[in-house]
There are 2 protein chains.
Amino acid sequence: MGSEVTLKHIAEALGISAMTVSRALNNRDNVDEKTRQRVLEKAQSMGYTPNHVAKSLVSSKTYTIGVVIPEITHAFFPEVVRGIEEVTNSSSYQLFLTNANEKFEQEKKAIKALRSKRVDGILISSSLTVEDYSFYKQLIQSDTEIVFFDRCVENIGASCVSVNDKISARQITEHLITEHGFTKLAYLSGPQHVSVGRERYQGFLDAMNKHDIPLVDKWIIEGGFQEKAGYKAMKQILDLPRDEFPEAIINVNDPSAIGAIQAINEEGLSIPDDFAIVGFTDDIRANLLKVPLTTVHQPAYEVGKRAARKLLDSIENEDEPTENIELLTTLKIRASCGCNS
Amino acid sequence: MGSEVTLKHIAEALGISAMTVSRALNNRDNVDEKTRQRVLEKAQSMGYTPNHVAKSLVSSKTYTIGVVIPEITHAFFPEVVRGIEEVTNSSSYQLFLTNANEKFEQEKKAIKALRSKRVDGILISSSLTVEDYSFYKQLIQSDTEIVFFDRCVENIGASCVSVNDKISARQITEHLITEHGFTKLAYLSGPQHVSVGRERYQGFLDAMNKHDIPLVDKWIIEGGFQEKAGYKAMKQILDLPRDEFPEAIINVNDPSAIGAIQAINEEGLSIPDDFAIVGFTDDIRANLLKVPLTTVHQPAYEVGKRAARKLLDSIENEDEPTENIELLTTLKIRASCGCNS
DNA sequence: TTGTAGGCGTTATCAA
DNA sequence: TTGATAACGCCTACAA
């Protein structure tokens with residue numbers, strides 16, 4: 001009820017002007033030290049909270065940045081957020097997270113809300129169902145600074161921080177081919193209109209081409225980034241006659257792999273004896289699984305840090321250049337692909 | 001660069017007043033249909049985005065609610081957030097998440113920022129190092145509506161949604177005592193000034209008392225809610241002479257249990273042969289562990305939903321009552337306590 | 001050192 | 001149906 005205390009209230013209580021109160025509270029030097037003390041005490045005792053809404057209206061700066069993540073329960077993203085926070089915590093910017101739940105509609109809604117709130121910049125990892133790049137283009141032309149991370153939209157004028165998805169996917173595929181001699185490879189892919197879906201699939205194709213291994217349509221299934229997608233795709237493979245089974249399953253990410261593993265277990269089959277399987281992410285669960293998962297470790301924390309830094313730099317420096325920053329991954333060889341270690 | 005388009009710009013371009021533009025854009029009925037069409041088209045073509053900052057200044061309503069979570073990488077919280085989102089997505093409220101990283105200082109900073117932004121309400125789960133309830137009291141007296149979830153601060157005038165921590169902790173302890181006949185029980189606790197830390201410890205004590213089992217000081221270690229805390233606490237136990245080892249380890253939550261398991265494995269000991277171990281949360285990892293973890297399943301999603309609903313109700317209804325809502329848990333008996341299943 | 005006037009973008013209110 | 005005016009809380013610029 002009791003409407004909030006304003007500068008004016010403090011001023012009246014003290015018999016001085018609102019302007020002086022403002023100056024005192026903002027630590028300007030042109031205010032008498034005694035006056036400042038009186039103001040500070042009064043503000044404290046009256047429970048004053050500065051109204052940033054009003055402040056922002058004047059300054060057209062909110063010292064707020066928005067983050068749009070596609071799926072908060074995919075452990076990779078919370079880790080990225082931690083990295084972002086490391087940067088923003090030592091700056092004067094406040095962070096607002098929004099979750100798109102892999103839906104582009106929700107993502108658009110979140111971005112619009114952030115823009116309406118006049119955040120100074122937005123970090124975006126685009127959602128599963130993203131389809132309308134013109135939306136991003138319009139966004140980039142506005143006053144709001146944008147930096148993409150992980151799932152990038154390239155060459156539309158915004159910087160991007162990601163990992164070398166294509167090469168990493170090629171490497172993990174080649175590991176299966178050269179170290180294990182597998183030639184029957186299935187690929188449970190992500191959607192091709194999302195950069196990481198596309199890049200990782202390309203890496204898989206590169207490896208197959210290089211080793212002259214033919215692609216088998218029924219083993220290449222476009223699913224999604226979530227567990228249920230991996231589960232569903234694997235079910236499709238398990239429905240094949242047994243002599244048409246692949247030897248190894250390559251997944252677009254770890255959640256997909258975990259879903260696939262569940263499907264395999266339900267069928268009473270085992271890893272790595274019946275299927276070798278690999279993921280991509282190095283999810284917190286990867287190393288804890290009954291059969292630890294071979295995967296590509298992504299430096300999530302670092303991705304967050306770099307993206308946040310780039311965004312703050314772009315906000316504070318008019319002519320910060322646009323760039324694509326690619327961080328490096330590490331292959332994590334574990335038991336799920338049939339290795340000893 | 002090009003500063004944002006405002007109502008006034010549209011008005012000038014159309015040769016009408018800003019007020020009419022405002023009315024048209026807000027779908028008021030007292031505006032000519034032709035005028036409305038002209039305005040809508042112009043707004044679209046000029047790329048108008050409403051300035052909620054200004055709007056909020058007038059209405060003192062922001063249609064925004066803040067969420068303060070203590071630890072975003074603890075999988076329980078992202079799941080709660082999903083529940084919160086289910087509610088807010090079908091309302092006109094926008095969600096802003098902040099993460100306190102288990103630090104009260106960071107939590108206070110986040111809350112202050114949210115208040116300065118004049119969010120209409122805040123959902124809070126308090127942080128590890130919380131110590132100053134007067135901060136919350138002051139908050140509750142302000143215009144901002146507050147609802148606590150999971151980690152509550154009770155009897156200070158705000159509603160709270162939590163699970164029946166005490167009874168659940170008692171039940172899982174009794175399971176170890178009555179089903180397995182253990183009497184040498186260790187408890188790796190959370191901090192006692194956080195409600196769930198306190199309640200769960202009480203539940204453990206209740207079970208011990210009821211069965212007349214004496215407490216052993218060296219087996220009761222106050223750690224924290226994160227993996228490293230469980231790891232460290234378990235190390236302490238493993239430093240004891242072997243004949244002073246407890247039979248079972250009860251943890252304040254799953255991350256703590258996972259940390260403890262790591263310490264046990266590093267020592268070359270095994271579960272459940274050398275130690276039975278149980279957690280509390282039913283983290284996404286619990287069932288995936290090499291030896292699946294016996295734990296208490298918390299309805300995280302539901303906690304989020306209920307808390308969000310309560311908050312929105314409190315915001316929109318002046319005299320919504322204050323209440324403590326307690327949701328029920330389920331015991332998940334798995335192999336880590338030495339059970340067959 | 002302090003105060004006054006004006007404006008940030010929007011809406012409520014009253015008048016036309 | 002439309003417009004003019006004032007107000008939300010704060011800050012910049014200028015004046016005292």
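Side-chain atoms are counted along with the backbone in the values below, which use heavy atoms only and exclude waters and symmetry mates.
- A salt bridge is absent between B/Glu85 and B/Lys305; no separation between the charged side-chain nitrogens and carboxylate oxygens falls under 4.0 Å.
- Residues A/Glu33 and A/Arg36 are paired through a salt bridge, judged by an N-O separation under 4.0 Å between the basic side chain and the carboxylate.
- Side-chain atoms of A/Tyr93 and A/Glu316 form a donor-acceptor pair, as typed in the model, at a separation below 3.5 Å.
- Atom-to-atom, CD1 of A/Ile10 to P of D/dG9 comes out at 12 Å; the value is rounded to the nearest Å.
- A sub-4.0 Å separation between OP1 or OP2 of C/dG9 and a side-chain N or O of B/Tyr48 is absent.
- Counting non-hydrogen atoms under 4.0 angstrom, B/Arg28 reaches the backbone sugars and phosphates but no base.
- In this structure, A/Arg306 is not positioned above the aromatic face of A/Tyr301 in the sense of NZ or CZ being under 6.0 Å from the six-membered ring centre and within 45° of the axis.
- With D/dT2, C/dT2, C/dT11 as the candidates, the nucleotide lying closest to the side chain of B/Asn26 is C/dT11.
- D/dC10 atom P lies 17 Å from atom OH of A/Tyr63, rounded to whole Å.
- Side chains of A/Glu4 and A/Thr6: no donor on one and acceptor on the other come within 3.5 Å.
- Counting non-hydrogen atoms of neighbouring residues, nucleotides and ligands closer than 6.0 angstrom, the NZ atom of A/Lys8 reaches no more than 12 such neighbours.
- Straight-line distance from the CG atom of B/Leu57 to the C1' atom of C/dG7: 12 Å, rounded to whole Å.
- Within residues 14-24 of chain B, the residues approached by DNA chain D to less than 4.0 Å at the level of any non-hydrogen atom are B/Ile16, B/Ser17, B/Met19, B/Thr20, B/Arg23, in residue-number order.
- Looking only at atom types and distance, the side chain of A/Lys117 has no donor-acceptor partner in the side chain of A/Thr62 under 3.5 Å away.
- The interatomic distance linking A/Gln37 (CD) with C/dT1 (C1') rounds to 16 Å, in whole Å.
- What separates CG of B/Leu7 from P of C/dG7 is a distance of 18 Å, to the nearest Å.
- Under the 3.5 Å distance criterion, with hydrogens and angles disregarded, no donor-acceptor pair is assigned to the side chains of A/Gln226 and A/Glu102.
- Atom NZ in B/Lys8 sits about 14 Å away from atom C1' in D/dT5, given to the nearest Å.
- Heavy atoms of A/Asn30 sit under 4.0 angstrom from at least one base atom.
- The closest donor-acceptor contact from the side chain of B/Asp120 to the backbone of B/Ile65 lies at 3.5 Å or more, if one exists at all.
- Rounding to whole angstrom units, CG of residue B/Asn51 and P of C/dC8 are separated by 12 Å.
- A/Ser17 and A/Thr20 form a side-chain donor-acceptor contact under 3.5 Å, judged by distance and modelled atom types alone.
- Distances shorter than 4.0 Å separate some side-chain N or O of A/Lys55 from OP1 or OP2 on D/dC11.
- At its two ends the helix from C/dT1-D/dA16 to C/dA16-D/dT1 runs along axes set 40° apart, each axis drawn from five pairs and the angle rounded to 10°.
- Comparing C/dT2, C/dG9, C/dC8 by their nearest atom to the side chain of A/Val58 picks out C/dC8.
- Here the P atom of nucleotide D/dT1 and the CZ atom of B/Arg38 are 15 Å apart, to the nearest Å.
- With C/dT10, C/dT2, D/dT2 as the choices, the nucleotide that has an atom nearest any side-chain atom of A/Thr35 turns out to be C/dT2.
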